[in-house]
Amino acid sequence: MQDLLSPDLVELAAFCEAGVISPERMRAVDRNAAALGVSGLRLMEAAGLALACAVRESAPERVLVLCGRGNNGGDGLVAARHLQDLTVDVVVPACGSATPEFLAQMAALHHCAVAVHEVAVPAGVEALAPLFERADAIVDAMLGTGVHGAPREPLAAMIGRANRSAARIVAADVPTPGMRSDLVLAFHRPKAPGVRAAGIGIPLAAEVFAGPGDLLCLRPKSPGAHKGAGGEVLVVGGGPYQGAPFLAGMAALRAGADLVRVASPAYVPCPDLIHVPLAGAVVGEEHLEVLIPLAERADVVLCGNGLGTRSHAVVEALARVAPRLVLDADALRIPLPAGAATIYTPHAAEFVRMTGRSLAGGLAERARTVRAAVPAGAAVLLKGAIDIVSDGERVRFNRTGCPAMTVGGTGDVLAGVAAALFCRLSAFDAACAAAYANGRAGEAAAAGRDAGMTATEMLPHIPEVLYG
């Protein structure tokens, strides 16, 4: 990610989301932080230190730290290391998979004045009953946000013993299912209402800018996936400008759509695309008999690429039947069409044309203007040197891309990527991921050049960014 001047980042702090954060979004923020140079180990160190400080609030003399073998357990091991001036015992399962971060923290803990007890079965936990009974404070660092279902042994026995103790229990990030807690200390942002949170040094940019973490919502296909599982996209465009809808269609395929139809009066040889020929020089209302059934069966309909100014009635008609809609270029006109769920991808001039709102001012002011203009149930992706994405509540920025992307066709590629991702994601998530991936693909295609790249050169890089 390229640098942004710190005064701008200070202004953008107003767009940082607050309150409860989902586990999925927290993983995205963690991944974005790592891309910005703040590794998972550094975040774990900060989380463990915050946890140790919370434990000290009750001035305990004896502390028992209960750990799993994941990153939540790693937080507990860091806390134990920071509490080693007290009497500290750590209980951890003797077997099972472990994360690299957990193993790194365990290696460091072996050099500390801390007693580590590995247990494999409930009987091993029962043998440690005096530790539970004498503890003034217990740290619950067994299971984090990524674990579902009832805890297995020996964790279940550890939970039972802890619940019967008189100790103050401090949970790391989230309580382990079935475990009581006197304090839940969430890291970065709360994972449930009414929970205390501690900052762990995550950069602001990891929250407000799209990054590689925003691609984690793209789940892998199952081994038994069938044709069409990646979604079906219908692109309606062309006539005045022939190549645009085919660029968008190829981008949709590269971004993971399984079937892409291009309905256009023009034909550009692309054997991977299904061409739906439309008679005449422009897309007109006489073509709706063909287009409406195709729009109804598609997962996403993309309109506008190379369409010209004479086909707006067609766009309005398709918007009324499309399950999901992406509008770009010439489709961004008044009256502004809207589907049940819609992504609009304007550049600055198109935004002014479709909304009547000026984009004067700096980045923060432009973002407020975009947020205020988003129709209900939609997302707007305003293209620029720094893209702005909003669903009317949330705002996210994207700063991938390069000067070589001023060449024609890169916006068509972006629209195709957004349409493909919209088959599987919400409008906002698809727009954020598309903006990030499109910029990264442009950077790869340009290879450091500031001119001379073509939009078609971006196409092979799209799946590398999204799925590589």
Visitor: Is it the case that the side chain of Asp182 and the backbone of Ile169 share a donor-acceptor pair, with hydrogens and angles ignored and the cut-off at 3.5 Å?
Guide: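 Such a contact is found between Asp182 side chain and Ile169 backbone.
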
Visitor: Flag the pair Val91 / Val65 as yes when at least one side-chain heavy-atom distance between them is below 4.5 Å, and no otherwise.
Guide: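 No; the side chains remain at least 4.5 Å from each other.
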
Visitor: What I'd like to find out is whether the side chain of Ile202 reaches to under 4.5 Å of the side chain of Phe187, using heavy atoms alone.
Guide: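 The answer is no; the side chains never approach within 4.5 Å.
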
Visitor: Looking at Gly442 and Cys402, what are the two nearest heavy atoms and their distance?
Guide: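 In this case the closest contact between Gly442 and Cys402 is O-SG, 3.7 Å.
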
Visitor: With a 4.5 Å limit on heavy-atom distance, are the side chains of Met453 and Thr410 in contact?
Guide: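 Met453 reaches Thr410 side chain to side chain.
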
Visitor: Give me the ring orientation class for Phe397 and Phe15: parallel if the planes are under 30° apart, tilted from 30 to 60°, perpendicular past 60°.
Guide: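 Perpendicular.
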
Visitor: Which residue pairs pass the salt bridge (Lys or Arg N to Asp or Glu O under 4.0 Å) test with at least one member in residues 366-386, sequence neighbours excluded?
Guide: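 Checked against salt bridge (Lys or Arg N to Asp or Glu O under 4.0 Å) - neighbours excluded - the pairs reaching residues 366-386 are Asp328-Lys383.
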
Visitor: List the steps and the verdict of side chain to side chain contact (heavy atoms under 4.5 Å, CB included) for Leu307 and Val315.
Guide: CA-CA 10 Å; Leu307 195 63; Val315 179; 3.5 Å; yes

Visitor: To the nearest 0.5 Å, what is the distance between CE (Met158) and CD1 (Ile138)?
Guide: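 The CD1 atom of Ile138 is 10.0 Å from CE of Met158, to the nearest 0.5 Å.
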
Visitor: May I ask you to decide if His347's main-chain N or O and Glu350's side chain share a donor-acceptor pair within less than 3.5 Å?
Guide: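 Indeed, once roles are kept as given, a pair shorter than 3.5 Å links the two residues.
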
Visitor: CD/Glu316 to CZ/Arg320 distance, rounded to the nearest 0.5 angstrom?
Guide: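 Interatomic distance, Glu316 CD to Arg320 CZ, rounded to 0.5 Å: 6.5 Å.
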
Visitor: Between Arg254 and Ile462 (side chain of the first, backbone of the second, donor and acceptor by atom type, cut-off under 3.5 Å), is there such a pair?
Guide: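 A pair under 3.5 Å: no.
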
Visitor: Phe428: what forms a ring-ring contact (aromatic ring centres under 6.0 Å, His included) with it, not counting sequence neighbours?
Guide: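 Result, ring-ring contact (aromatic ring centres under 6.0 Å, His included) vs Phe428: none returned.
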
Visitor: May I ask you to decide if Ala157's main-chain N or O and Glu153's side chain share a donor-acceptor pair within less than 3.5 Å?
Guide: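 Checked: pair present.
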
Visitor: Is the closest side-chain heavy-atom distance between Leu77 and Val92 below 4.5 Å?
Guide: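 In short, these two side chains do not touch, never coming nearer than 4.5 Å.
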
Visitor: Can any side-chain N or O of Asn305 pair as donor or acceptor with the backbone N or O of Pro245 at less than 3.5 Å?
Guide: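 No, the answer is negative, given that no donor and acceptor are paired below the 3.5 Å cut-off.
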
Visitor: When rounded to the nearest 0.5 angstrom, what distance separates CD1 in Ile200 from CG in Asp30?
Guide: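 If we round to the nearest 0.5 Å, Ile200:CD1 and Asp30:CG are 6.5 Å apart.
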
Visitor: Within a strict 4.5 Å, meaning less than it, do heavy atoms of the Leu51 and Val78 side chains meet?
Guide: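 Of all side-chain heavy-atom pairs linking Val78 with Leu51, none is under 4.5 Å.
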
Visitor: Is there side-chain contact between Phe209 and Leu9, with heavy atoms separated by less than 4.5 Å?
Guide: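 Yes, their side chains come closer than 4.5 Å.
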
Visitor: Is there a donor-acceptor pair under 3.5 Å between the side chain of Arg324 and the backbone N or O of Phe422?
Guide: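 Pair found, side chain donor or acceptor close to backbone of Phe422.
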
Visitor: Please name the pair of heavy atoms, one in Val465 and one in Ala441, separated by the smallest distance, quoted to 0.1 Å.
Guide: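 Minimum heavy-atom separation between Val465 and Ala441: CG2-N, 4.0 Å.
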
Visitor: Is Thr369 reaching over with its side chain to a backbone N or O of Glu365, donor-acceptor style, under 3.5 angstrom?
Guide: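 Yes: the side chain of Thr369 pairs with the backbone of Glu365.
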
Visitor: Let me confirm one number: the CG-CZ distance from Leu83 to Arg56, rounded to the nearest 0.5 Å.
Guide: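 Separation between the atoms: 5.0 Å.
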
Visitor: Quick one: does Arg424's side chain have a donor or acceptor within less than 3.5 Å of a partner on Gly231's backbone?
Guide: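 Not confirmed, Arg424 side chain does not pair with Gly231 backbone.
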
Visitor: Does a salt bridge link Glu17 with Arg396, judged by any charged N lying under 4.0 Å from a carboxylate O?
Guide: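 Salt bridge flag = yes for Arg396 with Glu17.
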
Visitor: Ion pair present between Glu232 and Arg261, side-chain N to carboxylate O less than 4.0 angstrom?
Guide: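 Answer for the salt bridge query: yes.
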
Visitor: For the atom pair CG (Asp75) and CG (Leu49), what is the distance rounded to the nearest 0.5 Å?
Guide: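 If we round to the nearest 0.5 Å, Asp75:CG and Leu49:CG are 11.5 Å apart.
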
Visitor: Could you pull out the closest heavy-atom pair between Gly68 and Phe102, with the gap in Å?
Guide: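 Distance-wise, the nearest heavy atoms are O-CE1, 3.1 Å.
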
Visitor: Salt bridge or not for Arg25 and Asp214, using N-O below 4.0 Å?
Guide: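 Here Arg25 pairs with Asp214 in a salt bridge, since their nearest N and O are under 4.0 Å apart.
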
Visitor: Report yes if the side chains of Leu382 and Leu359 come closer than 4.5 Å at any heavy-atom pair, otherwise no.
Guide: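 Counting from C-beta outward, Leu382 and Leu359 do come under 4.5 Å.
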
Visitor: Could you report the tightest heavy-atom contact between Ala415 and Thr345, atom names first, then the distance?
Guide: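 Looking at all heavy atoms of both residues, the closest pair is CB-OG1, 4.4 Å.
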
Visitor: Determine, step by step, whether Glu443 and His461 satisfy the side chain to side chain contact (heavy atoms under 4.5 Å, CB included) criterion, reporting the C-alpha distance in whole Å, the side-chain angles of both residues, the deciding distance to 0.1 Å, and the verdict.
Guide: CA-CA 9 Å; Glu443 292 170 1; His461 296 286; over 6 Å; no

Visitor: Begin with the C-alpha distance, continue with both residues' side-chain angles, and end with the deciding distance and a verdict on side chain to side chain contact (heavy atoms under 4.5 Å, CB included) for Arg69 and Met106.
Guide: CA-CA 10 Å; Arg69 295 175 65 84; Met106 181 61 83; over 6 Å; no

Visitor: Is a side-chain donor or acceptor of Ser181 paired with a backbone partner of Leu183 at a separation under 3.5 angstrom?
Guide: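 No: the side chain of Ser181 does not pair with the backbone of Leu183.
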
Visitor: Mind checking the CG-CG spacing from Leu273 to Leu259? Nearest 0.5 Å is all I need.
Guide: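 Here the rounded value is 10.5 Å.
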
Visitor: Looking only at heavy atoms, what is the nearest atom pair of Val90 and Ala80, with distance?
Guide: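 Where Val90 meets Ala80 most closely, the heavy atoms are CG2-CB, 3.7 Å.
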
Visitor: For residues Gly256 and Ala420, report the shortest heavy-atom separation together with the two atoms involved.
Guide: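 That would be N-CB, 4.4 Å.
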
Visitor: Report the C-alpha separation of Leu363 and Ile388 in whole Å, then their side-chain angles, then the decisive distance to 0.1 Å, and conclude whether the side chain to side chain contact (heavy atoms under 4.5 Å, CB included) test is met.
Guide: CA-CA 9 Å; Leu363 184 59; Ile388 300 170; 3.8 Å; yes

Visitor: With a 4.5 Å cut-off on side-chain heavy atoms, are Leu381 and Leu414 touching?
Guide: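 Touching, per the 4.5 Å side-chain cut-off.
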
Visitor: Is a donor on one side and an acceptor on the other found under 3.5 Å between the side chain of Asn163 and the backbone of Arg180?
Guide: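 Such a contact is found between Asn163 side chain and Arg180 backbone.
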
